Amino acid sequence: MAQGDLNTTSYVILGLLISRDWSAYEIAEQVGRGVAEVWPRADRQRYNTPKRLLERGLVTARADAVGTQRSRTVYSITPEGRAALRDWLNTASRPSSLEFEGMIRVMFAEQGSIADLRTTLTTIGEQARQSRALFVGHAERMLQPDHGTFPDREHLMALANRFMVGHFTHMAQWSEWALAETRSWSDTVEPAVTEHERSREIFEGSIDQGKPG
């Protein structure tokens with residue numbers, strides 16, 4: 001069966017189900033443990049995607065009793081689901097994208113106050129430190145004797161974890177730098193003139209930073 005219209009969230013769910021069967025609630029819980037930081041759409045689609053995979057025959061579902069009053073739906077990956085995941089891994093990934101509301105607020109900050117801008121910068125830093133702590137916590141759990149939830153992926157999760165910690169460290173450091181840069185600004189409009197030379201220095205620094213090492 002052609003799977004060309006499956007989205008990345010579908011493969012996230014299939015990847016989770018490779019290791020073990022999960023209930024719908026457990027799938028949603030796993031997505032909330034860092035996957036959503038890498039692929040935000042997975043958080044929005046985590047409840048509906050397993051149902052679509054079931055319709056495609058890529059997973060099966062069974063009802064497991066929970067106590068005496070209710071049951072839960074538990075999903076298992078099928079051979080077709082494993083094949084679809086392998087086929088997807090053999091294709092080229094799309095370029096990375098960044099969904100970052102705080103940076104949009106920075107880009108249009110001249111329409112607001114300097115207090116608004118600095119609040120945004122502060123919030124970016126706080127959120128980055130919180131997200132970094134999440135992934136540091138993941139690393140700490142992987143060092144425990146039980147090796148966390150996916151011991152068979154320890155080597156791969158180590159690669160991803162290093163990237164995510166570094167990513168949020170960069171965001172936190174950038175927010176501190178931006179707060180220092182804007183400390184002397186009286187508003188968000190005049191610096192277009194008064195900080196012209198400093199802006200050019202920053203652009204030149206960005207060019208130097210972006211040159212191949």
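Keep in mind that what you see is a predicted model, and the values were worked out from it rather than measured.
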Lys/Arg-Asp/Glu bridge criterion (N-O < 4.0 Å) met for Arg200, Glu195 | no
Quick one: do Asp21 and Arg62 make a salt bridge, cutoff under 4.0 Å?
-> yes
With no hydrogens and no angle check, do the side chains of Arg118 and Thr182 hold a donor and an acceptor under 3.5 Å apart?
-> yes
How are the rings of Phe135 and His138 set relative to one another: parallel (under 30°), tilted (30 to 60°) or perpendicular (over 60°)?
-> perpendicular
Approximate separation, where rounding is to 0.5 Å, of Asn161 CG and Glu154 CD = 11.0 Å
Are any side-chain N or O atoms of Asp116 and backbone N or O atoms of Thr119, one a donor and one an acceptor, separated by less than 3.5 Å?
-> no
What heavy-atom pair brings Leu117 and Ala109 nearest, and what distance separates the two atoms?
-> CD1-CB, 3.8 Å
Heavy-atom pair of closest approach, residues Ser19 and Asp152 | OG-OD2, 3.6 Å
Is the shortest side-chain N to carboxylate O distance from Glu101 to Arg105 below 4.0 Å?
-> yes
Report, as yes or no, whether the 6.0 Å neighbourhood of atom CZ on Phe100 holds more than 12 heavy atoms from other residues, nucleotides or ligands.
-> yes
Beyond-backbone contact of Thr188 with Ser113, side-chain heavy atoms, under 4.5 angstrom | no
Going from OG1 on Thr122 to CG on Leu179, what distance comes out if it is rounded to the nearest 0.5 angstrom?
-> 4.5 Å
Flag this pair as yes if the NZ/CZ of Arg86 is under 6.0 angstrom from the six-membered ring centre of Trp88 and inside a 45 degree cone about the axis; otherwise no.
-> no
Are any non-hydrogen side-chain atoms of Phe203 and Arg198 less than 4.5 angstrom apart?
-> no
Answer yes if Met103 and Val38 sit in the same cluster of Ile, Leu, Val, Met, Phe, Trp and Tyr residues linked by side chain heavy atoms under 4.5 Å apart, and no otherwise.
-> yes
Co-membership, hydrophobic cluster, residues Leu156 and Phe163, 4.5 Å side-chain = no
Closest heavy-atom pair and its distance - Ile114, Ser186 | CG2-O, 3.7 Å
NZ/NE/NH1/NH2 to OD/OE distance under 4.0 Å, Arg132 and Glu37 | no
State, with a plain yes or no, whether a side-chain heavy atom of Val35 is found less than 4.5 Å away from one of Gln30.
-> no
State the OG-CD distance between Ser175 and Glu126, to the nearest 0.5 angstrom.
-> 8.5 Å
Residues Arg56, Glu80: salt bridge by 4.0 Å N-O rule = no
Got Trp39 and Val31 here, is their nearest side-chain heavy-atom distance under 4.5 Å?
-> no
Do the side chains of Trp185 and Val189 join up, straight or via other hydrophobic residues, at under 4.5 Å, putting them in one cluster?
-> no
Of the non-hydrogen atoms in Ala172 and Ala128, which two are nearest, and what is the gap between them?
-> N-CB, 3.8 Å
Which one of Leu17, Leu53, Leu16 satisfies the side chain to side chain contact (heavy atoms under 4.5 Å, CB included) criterion with Ile77?
-> Leu17
Can you measure from CD1 (Ile124) to CD (Glu176) and round to the nearest 0.5 angstrom?
-> 12.5 Å
Kindly compute the distance separating CG (Asn7) from OG1 (Thr49), expressed to the nearest 0.5 Å.
-> 5.5 Å
Hey, are the side chains of Tyr75 and Glu26 touching, using non-hydrogen atoms and a 4.5 Å cut-off?
-> no
Do Leu89 and Tyr11 share a hydrophobic cluster, counting only Ile, Leu, Val, Met, Phe, Trp and Tyr and linking them when any side-chain heavy atoms are less than 4.5 Å apart?
-> yes
Hydrophobic cluster membership, Leu134 vs Met142, 4.5 Å side-chain cutoff = no
State the OG1-NZ distance between Thr73 and Lys51, to the nearest 0.5 angstrom.
-> 8.5 Å
Looking at side-chain heavy atoms only, is the closest gap between Thr8 and Arg94 below 4.5 Å?
-> yes
Beyond-backbone contact of Ile202 with Trp177, side-chain heavy atoms, under 4.5 angstrom = yes
Counting N and O atoms only, with roles assigned by atom type, does the side chain of Thr78 sit under 3.5 Å from a partner on the main chain of Leu58, one being a donor and the other an acceptor?
-> yes
Are Val74 and Trp22 side-chain neighbours, meaning at least one heavy-atom pair lies under 4.5 Å?
-> no
Locate the shortest heavy-atom distance separating Ala84 from Leu14; write the atom from each residue and the value.
-> CB-CD1, 4.5 Å
